[in-house]
Amino acid sequence: MPFVIQMPKLGHTMTEGTVLKWHKHAGDSIREGEAVLTVETDKAEVEIESPTSGVLARVLADEGVVVGVGLPLGEIVREGETASASPASPAPAKTASSNSVAAAAPQRTASQANSKRVIASPRAKRMAAERGLDLSQVAGSGPDGLITEDDVRKLADQPAEQAAQATPAILPGALAPSRREKLTRIQMVGARNVTSSWKEIPHFVQMVQIDMKRALEARRSINASNASGARVSVTDVILAATAVALKENPRINASYSDGERLIYDLINLGIAVDTPDGLVVPVIHDAGALDLKGISARAAELAERARNKQLRPADMENATFTVSNLGAYGIENGTPVIFAPQSALMFVGAIHDQVLAIDGRAEVRPAMQIAIAYDHRGLDGAIASRFTTRVKALLEAPDFLDAGSATTAAAPARHRDVTIEALGETLKTEVRYGALRWPLSGDDASAPDPVSSFLGALGSCLLMSLRVAATARKIHIGRTSIHARANEKGHVKEIQVELQVETTIDDDQLHRLIEVAERGCHIRALIRDEVAFSLQVARI
Amino acid sequence: MRTITYAQGIKEALEEEMRRDPTVVLYGEDVAHFGGIFRITSGLQEEFGEERVFDTPISENAFVGAAVGAAITGLRPVVELQFADFLFTTGDEIILKAGMWRYVHGGAYKVPMVVRCPSGAAGVGPEHGQCPEAFFMHSPGLRIVSPATPADAKGLLKSAIRDDNPVLYFEHKLLYATKGEIPDDPDYLVPLGKAAIRQEGDALTLVAISAMVPKAMKVAERLAKEGHNIEVIDPRSLNPFDRPAIIESVKKTGKIVVAEESYKTLGVGAEIGAMLMEEALEYLDRPLRRVAMPDVPIPTAAALEQFVLPNEEKIYQACRELLN
Amino acid sequence: MDKKLKLDIYKKIVLSRRLEERIAELIKAGQVGGFMHPGVGQEALQVAAIATLRSDDYMLYAHRGVAYWVARGIPIQSVLCDLSGREGGTNRGKGGVMHVVSPELGVLGESGTLGGCFPIAAGAGMSIKVKHEDKVVLCFFGDGTSNRGTFHESLNFCAVRKLPVVFLCENNGWAVSVPTEQSTSVKDIADRRHGYGVPGKTFDGNDVEQVYDAVSEAVAHARAGNGPSLLEGKTYRLWGHWIGDPDTYRTREEVEKHWRRDPLPAYELKLMEEKVLTDAARAEIDKDARAQIDRAIAFMEKQPFMKGETALEDLYA
C-alpha cells in the first residue's frame, strides 16, 4: 500500500487547510523527514514532512485547494510498491479526487472539483445570492463543513474587500479600485474574528500614563549585569509586569461566556508581532511561571519564528490576554479591539520624555501611555481599574524585577510567615506570602480592612476545624459557610458568627461537633474573653 | 376561563353540540350504557335518549359505513371507535366511502360526520396504541385533527361536528387527564386548518403533534435556559394543514424538527419535509430532523415501548444537533 | 297492480333493454368509453321492485345495468353523459356510470366496492328513524356480494335497531366467473335471514308480479317501523359481466336456456294475454324508446367533455 499523505490536524479547531505549495512534484524521490508540501491553516503555514522515503507517486490536491482534515493530499510509493489504481478514499466535494479520474490527470480534475463545488445550506446560498457574496472561499462551520447562515452573516459583516468584489462599479465615475489584494487565509480569518469581537464585545477602554523612569533603570541594570548578552527589551519588562498584575487580578485573565466568567490559572500572554505578511499573535504560555528572563527568551524565540513563518498553530492558541506594543511605530495611544474570547487587551504606546509633576516639582521623565480594552459583559470599571492601576504601579515601582531577577520567585512560602509592606504613604498594605500577595486597605473598599481580614481568617479556620472534627468522627457534612461580623468601628468588642451547615445529624450531635470545632480553632483561641463572641448555627 | 381536563373538553363539546343540533347522534361500542371505555360519554344517553345515543354491535364496518349513510341523509353522526387502530378495520368505509362519497357522486352529497379515534401508545401494544394520522393524510376527502390541549379538544370537536365533511378526530389517550384553561364561551370553536404557535422563537422550529406538544414545551423550556429561543408549532389540524404557519416559521429559523408519534417513514414529518423541499428549500439552513417511531409495530412491554417512543430527550437531542 | 302500472313497468323494461343494446354498440364502436356492467335479463326484477317505492324513499342500486335509473326516472341523456364523461351527467365526470346519483329522487349513489352499500343503507335507515320519518331504503345487491362481511354486519345492525331497510338480492347465479354454488354456503340467499331473525322470501325475479308483491310487502313492513327484510329474486345475467367479457366460463347451452326465460318477451306475452298490451302499442312503445334514445344520444354528442380541472372540484363541502 502506498503511503497516503493526509491533511494533518494542526490545531484543535482546525477542520481544513489550504495546499500552499508542493515542494516536490509527482515522480520526485523523497527522503524520510524531507518537506513535501506546505499547507496553510487558519493560523499558520506548516511544512509537512514525509515520514517515509520513496517516490511522490501522485499529487491529489493542487496548490490553492482547500482540503478537509484527514483527507488525502498525495501518495508516496515506497520501494517495491506500486501506486494505487484509484485515488485514495474518494473524498467529498472539497477534496482532491473523483472516482472517474484517470491516473494520468488527477491534478486538474482535483482542482476543478475543488474550485467549483460549494457545500452550503440552501438558506446560506440564498442569503449569499441576495448579498452578492462569493461562498467559494468560506470554510463552513456546520456539519461536514456545511456553510450555514451564520457563516454567511459573518462573511457579510466583513466589509470592504469582499463587498467590493461582489459589487463591481456600475455607475460611470463611481469609485473603482485600481488593484485588488486578496487577503491571505490567515488575514481573512483574522478579519472575521475581529469583526465578531467588535460586534459581540461591549468594549470599554481605560488609559493611564506611566512614569517609566524606574522601569528603564531596572532594565538597564539587568542588561548590564548580564554577561551572556541576551537583552531584555522594554516590552519584556511590560510583559513581566502584566503577568504579575494578572496573577493578582485573576478575573482579568478570563473569558466571558454565556453568563459566566471563565477564569484561568494559566496566564498565556499573546504578543502582537509584526511580520512582512502582517501582524501575528504568538503566545507565551504559562507566563505566570516565568521570570523576566524566561519571558524575554520566549518572546524573542516566538518573534524570530514569526518572522521566518515557522510558527506552529499551537504557538498561537489559547492566549488569555494580549499585549500589543506599537510604541516602536511612535503611536502614543489607541483604542484596541479585544481578541475574543479573551476579556482584555493592552495597547502600549511609545515612550517619550514628558514633564511630570513629581513631589510638587516639574521633572522630565520618560513616560508612556497604556490603553486597556475590557469586555464589559464580564468586567466592570472597578475590577478593571484595579488591574489598570496595578500595571501602572508595578512599572513605576518595579521591585518585582529584583525578586524576579534574583530567583524565579519570591522566597518560598512558609507557614505562619508573612511579610507586610505599606504601599507608599497610604493606608494600604500588601501582604506577601511567598509569591502570593494580597492587599489590605485602611481607607477605602478596594481591599479588605485588617479586621475583615481577621474575620476571614477566623471563619476559614472555624470551617476547617469543623471539617477535621467531622471527618475524625466519620460524620458526613455537606456544604458549610460562615458569615462573620464585628462592630463597625474602633476596637473589636463584639464578634457574631453565623455558621450554616448541610447535614442530617441531629441537633445534639451537631452542637457537640461544633463545640469540638470551636475548641480546635486556633484563631478562635486568640479572641480575648472580654470580646463578646457568639456563634449561631443554622442548617442548609 | 375555567380549568378542565382534555376528556371533559371532549364531553362538553358533545353535550353542547347535541343540545344545539338535534341531528347530531352519537354511537359506538359501549358508549351509551357504560359511557365508553374511556368514560367520555357517560350520562349522555340519559340526556339525549336511546335514538340519539346508542351502543352498537362489534361491527365497525357497518356502523362506520352507516355514519356515511346517515350523513348523506341529513344527520351529523359522531362515531366512537374504541381505538384509532380500528380505523384499519374500516378502511373501505373510511377511505372509499366517507372520504370519496361526495366526490364520486360529483358533489351531490355532503358527508358531515366525525369519527372519534383514541390514539397513542399506552402499554396497549401494536393494535391498540398507534397514532395513525399519517395513513389518512394520504387519503383525499377526509379532515384530520389531533388536538393537544383541553381547549383544542373541545373547540376542534365542536368545529368538527359542525363541519360538512368527514372528520377523523384523534384524541390521545395519555392526554385525557391533562388539564388546561378554556374560555367559557359556549360557541368556543377552534377552526380546522389553523396551527397554534405554542411558543414564539427564532432559533429553531419545533413542530409537535398531539401528545408530543407538552414534551416539546418542556424541551423549549430547557433550550431557553441554554439560551436558545425556539418556536413550537402545534398544527392541531393535519387536514387541512396550515402549511403557511410552518413555512413562515422556517423562513425565520432555517431549522426544523418534527416530533410525532407515528412511524417515521411517510409520517407527518416526511410530508413536512417534502413540503419544505418544494416551497421553502432556500430557507433551510440545516437538514430536517424527524423524531418519530421507528418502523416497527408498537411493542407492549414497557421497556420496549419506551425504547421506540419519541420522548423529551429524543426531541431535545434532535434540536441540540441542529443548534450546535 | 293496475293496467297503468303494468304498462309503465313494461315501458321501462323496454327502454332499459334498448338503451343497453345501444350502449353496447357505442362501446364496441369506441364511441364512448365506459365501464359498464350490463343488466340484460334482470330488468324485470329491478323495474318492478323500484315501482313499489314512494318518491321520497331512498334506494341504493347494484352495478348491473341501466334499468334502476330508468325505473326511478333519471333522464337517460344524463346517464349517457356520465358514461361518456361529458357535461350534463349526474356526477360531473367523477364516477362514470358506476356512480349515477340523484338526491332529488332519493338515489343515494353506489359503492364501487361490492358490499359497501349495506352500511350506507343502514345509515340512511338510521336517519329515517332518528328523524321519525316513514321513508324506507331499498338496497339492491348481487348473490356474490352477500358473502361480504358488511352484509352480515349490516343485516344484524338493522335488525337490532329495527331500521327500515329492504335488502333485495338479485341472484343471477354468477359472481363474475364463479357460480353461486361454488361461492355461497346456501342455495337461497334469503335463507340467511334466519341468522338475523328478519322476514323475507325467495321468488322468481323474472316474474314482475311476484317481484312487485314481495317487495311491496317488505316495504310496508319497513314503513310500519317493523325493521328490515331480506328478499331474493332468482334471475339470470344474459350478457357477460361487462361489455366485452369473453364469457368463457359458462356453457352456451346454459346461457341459451336462460334466454328462453328472458323476462322481456315473457312479460310482453303476459300483458298481451291480459289485453293490457296490443301489437300496435308494443310497436309504438318500441319506437318511442328508440326515439328517446336517439334524442338522448344526439344530446350527449353535443355536450362538451368535462374539463380536466373539474377533477379538483367536489371533494370537500
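Residue numbers begin at 1 in each chain, while the letters A, B, ... track the order of the sequences. Worth knowing before you read on, the calculation uses all heavy atoms, side chains too, and leaves out hydrogens, waters and symmetry mates.
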Which atoms of C:V107 are under 4.5 Å from chain B, going by heavy atoms: the side chain, the backbone, both sets, or neither? backbone
In this structure, which one of C:W69, C:Y61, C:Y68 forms a side-chain hydrogen bond (donor to acceptor under 3.5 Å, both in side chains) with C:Q46? C:Y68
Can you tell me if B:E279 has over 12 outside heavy atoms packed within less than 6.0 Å of its CD? yes
Minimal heavy-atom distance between C:V32 and C:L83, with the atoms involved, is CG2-CD2, 3.7 Å
Just give me the residue among C:G106, C:G116, C:P103, C:G125 that pairs up with chain B most often, heavy atom to heavy atom, under 4.5 Å. C:P103
Out of B:A71, B:P22, B:G74, return the one with the most heavy atom pairs under 4.5 angstrom to chain C. B:G74
So, C:F157 versus B:F63, ring centres under 6.0 angstrom or not? no
Highest number of heavy-atom pairs under 4.5 Å with chain B among C:N91, C:T113, C:L108 belongs to C:L108
Only pairs of heavy atoms separated by less than 4.5 Å count here; which of B:E50, B:R52, B:M100, B:R143 has the most with chain C? B:R143
Checking heavy atoms, do the side chain of B:L75, its backbone, both or neither come under 4.5 Å from chain C? both
What is the minimum heavy-atom distance between C:V178 and C:S183, and which atoms define it? CG1-CB, 4.0 Å
Neighbours of chain B found in residues 300-317 of chain C - heavy atoms under 4.5 Å: C:A311, C:E313, C:D314, C:L315, C:Y316, C:A317
Engaged part of B:E93 at the chain C interface, taking heavy atoms whose separation is under 4.5 Å: side chain
Classify the angle between the aromatic ring planes of C:F141 and C:F118 as parallel (below 30°), tilted (30 to 60°) or perpendicular (above 60°). perpendicular
With chain C, the option among B:G99, B:G69, B:G107, B:P112 that has the most non-hydrogen atom pairs under 4.5 Å is B:G69
Need one label for B:N61: side chain, backbone, both or neither, based on atoms under 4.5 Å from any heavy atom in chain C. both
Tell me, out of C:G95, C:A121, C:S111, C:S102, who's got the most heavy-atom pairs with chain B below 4.5 Å. C:S111
Going through the checks in order, is the side-chain contact (heavy atoms from CB on, under 4.5 Å) test met by C:T184 and C:R192? CA-CA 11 Å; C:T184 306; C:R192 289 185 160 163; 3.6 Å; yes
Centres of the B:F88 and B:F83 rings: under 6.0 Å? no
Of the non-hydrogen atoms in B:S139 and B:I95, which two are nearest, and what is the gap between them? OG-CG2, 3.0 Å
Using ring pair (Phe, Tyr, Trp, His ring centres under 6.0 Å) as the criterion, list what pairs up with C:H99, not counting sequence neighbours. B:H105
When the 4.5 angstrom heavy-atom criterion is applied to C:V130 and chain B, the contacting part is both
Segment of C:F151 engaging chain B (4.5 angstrom heavy-atom cut-off): neither
What part of B:E60 is in contact with chain C, defined as an atom under 4.5 angstrom from a non-hydrogen atom: side chain, backbone, both or neither? backbone
Given heavy-atom pairs under 4.5 angstrom as the criterion, report whether the side chain, backbone, both or neither of C:K135 touches chain B. neither
Can you check whether B:Y27 and B:F54 have ring centres sitting under 6.0 Å from each other? yes
Of B:I72, B:L96, B:V68, B:V64, the largest count of non-hydrogen pairs under 4.5 angstrom with chain C goes to B:I72
Report which part of C:S154 has an atom under 4.5 Å of a heavy atom belonging to chain B: side chain, backbone, both, or neither. both
Non-hydrogen atoms of B:D242 and B:G193 that approach each other most closely: CB-O, 3.4 Å
State whether the number of non-hydrogen atoms from other residues, nucleotides or ligands found under 6.0 Å of C:K131 atom NZ is greater than 12. yes
Tell me, side chain or backbone of C:I128 under 4.5 Å from chain B's heavy atoms, or both, or neither? neither
Taking atom NE2 as the centre, does B:H33 end up with more than 12 heavy-atom neighbours from other residues, nucleotides or ligands that are less than 6.0 angstrom away? no
Keeping the roles fixed (side chain from C:E110, backbone from C:V100), state whether a donor-acceptor pair exists under 3.5 Å. no
Heavy atoms only, distances under 4.5 angstrom: which of C:R92, C:M126, C:M98 has the most pairs with chain B? Name it, please. C:M126
